[in-house]
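In what follows, residues are counted from 1 in the order of the sequence shown.
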Amino acid sequence: EARTTPSLTPRSTWTQPSWHRLCGDTWRLSLHLANGETWFQAVVIAAQALLALMVLAGYRTRVAAVLSFVLLGSLHNRNPMILVGGDNLLMFLWFWALFLPIHARWSVDAALSSRPPPERSLHLSWASAALTLQVLYTYFFSAVLQAGADGWPDGTAAWSVYGFAWLGPIFASLTVLLGRWWWDWAARRADHGRHLKIYYDQDCGFCLKSCLLLRHFLVLPRTEILPAQGSTRASALMQAQYSWVVIDGEDVAHTRWNAWVALLRHSLLFGWTWRLASLRLWERPGNIVYDWVARHRGAFASLTAWLLPERAVTFEAGRGAQRVAAVMLFVLLSWNLVSIGALPVAVAAVEAPVIRMLRLDPVRNLFAPYPWRDDGWFVAPARREDGVDVDALRPGEPLSYARPGTLHETPIRWRAYRNRIWDRDFAIHRQEYARFLCRDWNLRAAPGQRILSLKLVYMLERSQPRGVPTPVEQRVVWRHDCVPPEKPEDEEPVD
């Protein structure tokens with residue numbers, strides 16, 4: 001990576017033993033490590049963002065979800081120093097989503113598919129069972145480890161967390177079930193566009209696709225979509241207004257922007273916005289936008305013919321995919337059983353290549369084996385060229401060793417990173433962090449205000465029983481001379 005760009009984890013650290021200890025083993029793969037240039041990382045991140053938007057919109061969902069899963073694991077493997085438990089859980093949820101019909105509702109695929117999505121609202125499969133049980137795995141096995149561990153002052157806290165292990169999956173299951181019942185009840189109770197009719201120009205393929213997408217994303221499944229040429233009234237209005245036509249349940253016809261407002265009024269999801277959209281101040285700009293789209297519908301038709309073709313979408317995963325999900329469910333169950341000593345370690349050794357490569361190894365220390373007894377914060381006292389002592393971590397603030405008042409506001413990624421470099425096993429990352437602070441400061445410093453050297457000081461605060469004062473101890477974990485990286489002999493680790 002370019003030396004003019006501060007880097008916390010250059011690719012060279014991948015070869016360090018501490019890095020492999022953090023990653024687990026050599027089964028971790030990362031496309032992000034293929035090139036350290038900024039442009040390459042920007043391209044990969046942009047691809048991830050595009051794939052995420054495709055999944056969000058339900059466009060080519062299956063392919064986008066698989067590629068997103070691969071690139072997400074690649075990103076995690078690029079810098080595990082900043083990962084937290086939520087990242088691990090996200091990998092699990094994304095993995096099980098690969099086997100689920102997540103694009104069967106509220107998606108571009110479902111709206112434009114020549115094969116209708118399944119009508120039933122309840123999906124049962126190995127993958128759906130695994131998705132629900134994943135929450136149980138996350139809390140239950142961590143709590144079992146913690147319940148039998150030393151380090152808790154008494155058993156009350158341990159069994160409180162053990163009980164909480166059951167609340168997580170219970171609430172998750174209730175959320176899923178109640179959510180399904182609520183949607184079914186709302187669909188039966190609401191008008192849901194039952195009396196609406198949308199008329200479009202049958203000579204315009206783009207117009208039909210637009211109506212299908214609007215009906216789907218506004219949740220108006222009972223709304224009819226008809227060619228205007230089949231209705232004398234709608235055809236006359238379409239030609240006079242050069243517009244699509246929406247006729248509501250009161251037989252009132254709406255065109256251009258007002259047709260959009262009529263659809264919003266009956267939408268199950270966005271019905272609350274129709275009064276705002278119906279204000280007269282929106283009508284003129286709304287009509288201008290509509291007229292512009294109408295004038296260029298030929299170009300839109302060509303574009304959508306390529307991007308949004310009508311095709312037969314397969315929503316349910318095949319039997320082979322469900323068999324894979326079933327096998328992975330039991331593999332992860334056995335992996336967790338090894339973590340609590342219920343199965344021999346040899347089982348995990350056999351499963352490790354697959355688990356590590358997919359990055360599905362669970363975080364077992366969510367609550368276990370005991371709560372952290374060490375806490376603290378970093379201070380980076382540095383000496384500037386003009387002789388002034390500053391804190392390289394907090395530019396613009398006076399050097400102070402007191403607990404920062406905004407410690408809880410520190411971004412969680414920085415907290416995860418700093419907690420790890422406090423560990424002696426990751427001392428090599430203290431070196432990279434010190435280099436980063438030097439270069440980041442000096443690249444932006446005014447003449448005469450560059451820093452010449454700094455120290456990484458960890459203010460160790462050990463937890464004490466209730467009522468006992470908490471002592472704070474200064475631990476100097478690294479000394480660093482802010483010189484070019486090609487002179488590593490000026491760096492001195494501190495035990």
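Across every non-hydrogen atom of Ser278 and Val261, the tightest pair is CB-CG1, 3.8 Å. Scanning all heavy atoms of the two residues, the minimum distance from Lys209 to Ala305 falls at NZ-CA, 3.7 Å. Here the shortest heavy-atom pairing between Leu98 and Val66 reads CD2-N, 3.7 Å. Among all heavy-atom pairs drawn from Pro80 and Arg420, the shortest one is O-NH1, 3.4 Å. When all heavy atoms of Ser107 and Gly58 are compared, the closest pair comes out as CB-CA, 3.5 Å. When all heavy atoms of Cys207 and Arg297 are compared, the pair lying nearest together is SG-NH1, 3.9 Å.
In this model, a donor atom of one side chain and an acceptor atom of the other lie less than 3.5 Å apart for Gln48 and His32. Side-chain N/O atoms of His123 and Ser125 include a donor and acceptor closer than 3.5 Å. For the residue pair Asn35 / Gln41, no side-chain donor-acceptor distance below 3.5 Å is found, with atom types taken as modelled. In this structure, a donor-acceptor pair under 3.5 Å is absent between the side chains of His195 and Asp248.
To the nearest 0.5 Å, atoms CH2 (Trp244) and CG (Leu214) are separated by 5.0 Å. Interatomic distance, CG of Leu329 versus CZ of Phe99, reported as 11.0 Å (0.5 Å rounding). Between atom NE2 of residue His216 and atom CG of residue Leu213 there is a gap of 9.0 Å, rounded to the nearest 0.5 Å. Rounding to the nearest 0.5 angstrom, the gap separating the CG atom in Leu67 from the CG atom in Leu51 is 5.5 Å.
In this structure, the side chain of Asp87 engages the main chain of Val84 through a donor-acceptor pair within 3.5 Å. At distances below 3.5 Å, not a single donor-acceptor pair connects side-chain atoms of Ser267 with backbone N or O atoms of Leu263. In this structure, Ser235 contributes its side chain and Gln229 its backbone to no donor-acceptor pair below 3.5 Å. At least one donor-acceptor pair under 3.5 Å links the side chain of Gln322 to the backbone N or O of Ala127. The closest donor-acceptor contact from the side chain of Tyr417 to the backbone of Ile412 lies at 3.5 Å or more, if one exists at all. Side-chain N or O atoms of Thr304 include one that pairs as donor or acceptor with a backbone N or O of Ala301 at under 3.5 Å. Trp335 places no side-chain N or O within donor-acceptor distance of the main-chain N or O of Glu351, the cut-off being under 3.5 Å. Here the side chain of Ser231 pairs no donor or acceptor atom with the backbone of Ala228 at under 3.5 angstrom. Ser30 places a side-chain N or O within 3.5 Å of a backbone atom of Ser74 that can act as its donor or acceptor partner.
No more than 12 heavy atoms of other residues, nucleotides or ligands sit less than 6.0 Å from atom CH2 of Trp126. Few gaps surround CZ on Arg413; more than 12 heavy atoms of other groups in view lie less than 6.0 Å from it. For Arg265, the CZ atom counts as loosely surrounded, since its 6.0 Å shell holds 12 or fewer non-hydrogen atoms of other residues, nucleotides or ligands.
You'll find the ring centres of Trp106 and Phe217 inside the 6.0 Å limit.
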> For Tyr458 and Trp422, what are the C-alpha separation, side-chain angles and deciding distance, and is it a ring pair (Phe, Tyr, Trp, His ring centres under 6.0 Å)?
Replying inline: CA-CA 7 Å; Tyr458 190 73; Trp422 159 239; 4.2 Å; yes
>> For Leu226 and Tyr200: C-alpha separation, side-chain torsions, deciding distance, then whether side-chain contact (heavy atoms from CB on, under 4.5 Å) applies.
In response: CA-CA 6 Å; Leu226 305 167; Tyr200 68 96; 5.6 Å; no
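Residues Val245 and His254 form no side-chain contact, since every pair of their non-hydrogen atoms from C-beta on lies 4.5 Å or further apart. A heavy-atom distance below 4.5 Å is not found between the side chains of Val55 and His103.
Arg418 meets the side-chain hydrogen bond (donor to acceptor under 3.5 Å, both in side chains) test with Tyr433; sequence neighbours excluded. With sequence neighbours left out, the disulfide (SG to SG under 2.5 Å) criterion links Cys211 to no other residue.
Considering Arg62, Arg60, Arg311 as possible partners of Asp109, the one that fulfils the salt bridge (Lys or Arg N to Asp or Glu O under 4.0 Å) test is Arg311. For the side chain to side chain contact (heavy atoms under 4.5 Å, CB included) with Leu268, the qualifying choice from Leu218, Val219, Leu220 is Val219, the only one to do so.
Between Trp292 and His296, the ring planes lie tilted relative to each other; the angle falls in the 30° to 60° range.
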